[in-house]
Amino acid sequence: MVCLIFWLIFSIMGVNLLAGKFYSCKWDNGTIVVAEWTGIYTRDNCSAHNLTWSAPSITFDNALVGYLALLQVATFKGWVPIMTNAIDAVDVDMQPRREHNVLMYLYFVIFILFGSFFTLNLFIGVIIENFNSQKKKIRVNFVMFSQY
Ligand SMILES: *[C@@H]1O[C@H](CO)[C@@H](O)[C@H](O)[C@H]1NC(C)=O
Ligand SMILES: *[C@@H]1O[C@H](CO)[C@@H](O)[C@H](O)[C@H]1NC(C)=O
Ligand SMILES: *[C@@H]1O[C@H](CO)[C@@H](O)[C@H](O)[C@H]1NC(C)=O
């Protein structure tokens, strides 16, 4: 429960900072249009050039998909594109720009330190603690019964 609530805080923070900002204008081959080279800075610019405006599959648009994104970050599976998207994000309906939002690195570093290492250690610690107390109980029973 503590782990889930801790993650909920980060998920909601991610939604506040990044909701709707992962959308970008893409060429037909799927590569993201570079704003500085083409002058395509907004969603309207994108549709004026008949290009597609779309989001990647993992976003922070609501707290539920935020959990999925955090799960990917915590397990280090495909987390680099998520972090890159967050750092390039400019605003809702704005084309991302490289390293626009460098402070977002802090969000990921803090999440990995506290949300990933800390909560996983907490989780594993509780399991080991339980195991040890069960073991002690079994040993006490054994000693009691073996005396009679
Ligand atoms: C995709 O298309 C654009 C424009 O036609 C081109 O500049 C870019 O190099 C292409 N990217 C890839 C990976 O083929
Ligand atoms: C993008 O939109 C702005 C404002 O509507 C316009 O001034 C600019 O010329 C557009 N750029 C391109 C490349 O269409
Ligand atoms: C976009 O598509 C419309 C309809 O298919 C066409 O009339 C228009 O010329 C296209 N614009 C550009 C910039 O290719």
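Start at 1 with the first residue, then count along the sequence. Counting convention: from 1, in listed order, for ligands and their atoms alike. Just so it is clear, the values below take in all heavy atoms, side chains as well, and ignore hydrogens, waters and symmetry mates.
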*Mind checking whether Thr38 has an N or O less than 3.5 Å away from an N or O of ligand 2?*
no
*asked:* Running the 4.5 Å side-chain criterion over Ile, Leu, Val, Met, Phe, Trp and Tyr, what cluster does Val65 land in, apart from itself?
replied: none
_Chi angles and distances behind the side-chain contact (heavy atoms from CB on, under 4.5 Å) call for Leu64, Leu68_ = CA-CA 7 Å; Leu64 212 63; Leu68 278 183; over 6 Å; no
*Per-atom contacts of ligand 2 with Gly39, taking only distances under 4.0 Å to non-hydrogen atoms*: 11 (N), 12 (C), 13 (C)
List ligand 3's nitrogen or oxygen atoms that come under 3.5 Å of a protein nitrogen or oxygen, with the partner atom and distance.
unit_1	atom_1	unit_2	atom_2	d
ligand 3	2 (O)	Asn50	OD1	3.3
ligand 3	2 (O)	Asn50	ND2	2.3
ligand 3	11 (N)	Asn50	ND2	3.0
ligand 3	14 (O)	Asn50	ND2	3.4

*Would you check the N or O atoms of Asn29, main chain and side chain alike, for any that come under 3.5 Å of an N or O of ligand 1?*
yes
*Please work out which of the three classes, parallel, tilted or perpendicular, describes the rings of Phe108 and Phe60, given edges at 30° and 60°.*
perpendicular
*Is the distance between the ring centroids of Phe10 and Trp7 under 6.0 Å?*
no
*Heavy-atom side-chain contact between Tyr23 and Met94 under 4.5 Å*: no
*Fit a plane to each ring of Tyr107 and Phe111, take the angle between them on a 0 to 90° scale, and name the class: parallel (under 30°), tilted (30 to 60°) or perpendicular (over 60°).*
parallel
*asked:* If you define the side chain from C-beta out and look only at heavy atoms, does anything of His49 sit under 4.5 Å from Ile40?
replied: yes
